[in-house]
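Read the structure below first, then the notes.
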There are 2 protein chains.
Amino acid sequence: MRFIDNPFQCPVTRTMSIIGGKWKPIILNCIGDKTIRFGKLNQLMPAISNKVLSKELKDLELLGLINRLESDELPQRVEYNLTDSGISLMPVLIEVANWGNSHFAKQIESKL
Amino acid sequence: MRFIDNPFQCPVTRTMSIIGGKWKPIILNCIGDKTIRFGKLNQLMPAISNKVLSKELKDLELLGLINRLESDELPQRVEYNLTDSGISLMPVLIEVANWGNSHFAKQIESKL
DNA sequence: ATTAGTAGTAACCTCTAAGTAACCGGTATA
DNA sequence: TATACCGGTTACTTAGAGGTTACTACTAAT
């Protein structure tokens, strides 16, 4: 594994550009193994505006991490779920979260 | 593991605030297992300005990921190396990079 | 006819990460 | 004496992520 002196070529920085946003990891987690509608996501994350949610979902679709499923039925319904790539990202996010939790626990502990 | 609808409480988002910057993962990798001087880092990463490098190093020190070692000797020398926390982060970064590499490989492959 | 829900878009604003360029006090060298 | 290296700091800009508010087109229920 090589990290390169060029953020655009560095595999870590490049991956961060996918998962490093404020909302993307949270959205992926909210979708989880479900197939879930836009409105439901908005309910699960009241703090995110629908404009931002809409944009992030579009990004995630372009990145190949989620599927956007538009049903032909009426009323209009749009549903989202994870692609295989999206599913494969979850364990990595969990490792990141685990490292963060233990790191911050140590930080707090060292201040007692 | 729980991700929470609040970026400031979400362990992934919180960890991203550490490693999600444009330069931090690259800097950590450049330091590696060495004890390395400011000027040497600047040489290894000509694309980063000394202002930004200085700021990032300060951040990383505050986060407990690197040590700043100022020698009493003259000429002035400052050296940096990874703390245990910093060392423990490296495998996580490598996993992130690996996921990114395989994901992008698939992306490119699917366009052939 | 009107009100509410669904899945967004458009226009505008704000805040911060990052970049540029100049400068600084000390030391060493010619 | 001046020129350059070392490890930065200060002041000023800029690009882009993210936020706010209002609006749209469609349908369903009252």
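When reading the values below, keep in mind they use all heavy atoms of this one structure, side chains included, and skip hydrogens, waters and symmetry mates. Order of the sequence lines fixes the chain letters, A, B, ..., with proteins taken first and strands second; residue numbering starts at 1 for each chain.
- In this structure, the CD atom of B/E79 is 16 Å from the C1' atom of D/dG8, given to the nearest Å.
- For A/R37, a side-chain nitrogen or oxygen approaches OP1 or OP2 of C/dA7 to under 4.0 Å.
- Separating the CG atom of A/D59 from the C1' atom of C/dT9 is a distance of 15 Å, rounded to the nearest angstrom.
- Applying the side chain to side chain donor-acceptor pair (under 3.5 Å) criterion to A/N42, with sequence neighbours excluded, gives no partner residue.
- Computed from C1' positions of five pairs at each end, the angle between the two local axes of the helix from C/dA1-D/dT30 to C/dA30-D/dT1 equals 10°, rounded to 10 degrees.
- The two atoms that bring B/P25 and A/V12 nearest to each other are CB-CG1, 3.5 Å, heavy atoms only.
- With rounding to whole Å, B/L53 atom CG is found 10 Å from D/dG8 atom C1'.
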*How does protein contact run along nucleotides 9-21 of chain D, one letter per nucleotide 5' to 3', with B for base contact, S for sugar-phosphate only, - for none, heavy atoms under 4.0 Å?*
BBB------BBB-

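- The two atoms that bring A/I36 and A/C30 nearest to each other are CD1-O, 4.1 Å, heavy atoms only.
- In this structure, B/R68 reaches the D/dG8 phosphate: one of its side-chain N or O atoms is under 4.0 Å from OP1 or OP2.
- We find that CZ of A/R77 is positioned 19 Å from P of D/dC26, with the value rounded to whole Å.
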*Evaluate side-chain hydrogen bond (donor to acceptor under 3.5 Å, both in side chains) for A/W99 paired with B/S88, printing each intermediate quantity in order.*
CA-CA 8 Å; A/W99 179 87; B/S88 74; 2.9 Å; yes

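- Remark: P of D/dG8 and CG of B/L57 are 8 Å apart, rounded to the nearest angstrom.
- The separation between B/M45 atom CE and D/dG8 atom P is 13 Å, rounded to whole Å.
- The nearest pair of heavy atoms linking B/K22 to B/I26 is O-CD1, 3.9 Å.
- Remark: A/E56 pairs with A/K24 by the salt bridge (Lys or Arg N to Asp or Glu O under 4.0 Å) rule, at least two apart or across chains.
- For B/K34, there are no salt bridge (Lys or Arg N to Asp or Glu O under 4.0 Å) partners at least two apart in sequence or on another chain.
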*Going through the distances and angles, do A/L57 and A/L41 end up as a side chain to side chain contact (heavy atoms under 4.5 Å, CB included)?*
CA-CA 10 Å; A/L57 289 169; A/L41 277 171; 4.0 Å; yes

In residues 61-69 of chain B, what donor-acceptor pairs under 3.5 Å come from side-chain atoms, sequence neighbours left out?
unit_1	atom_1	unit_2	atom_2	d
B/R68	NE	B/Y80	OH	3.4
B/R68	NH1	B/E70	OE1	2.6

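- With rounding to whole Å, B/L41 atom CG is found 10 Å from D/dG8 atom P.
- Computed from coordinates, the B/E70 CD to C/dG25 P distance equals 17 Å when rounded to whole Å.
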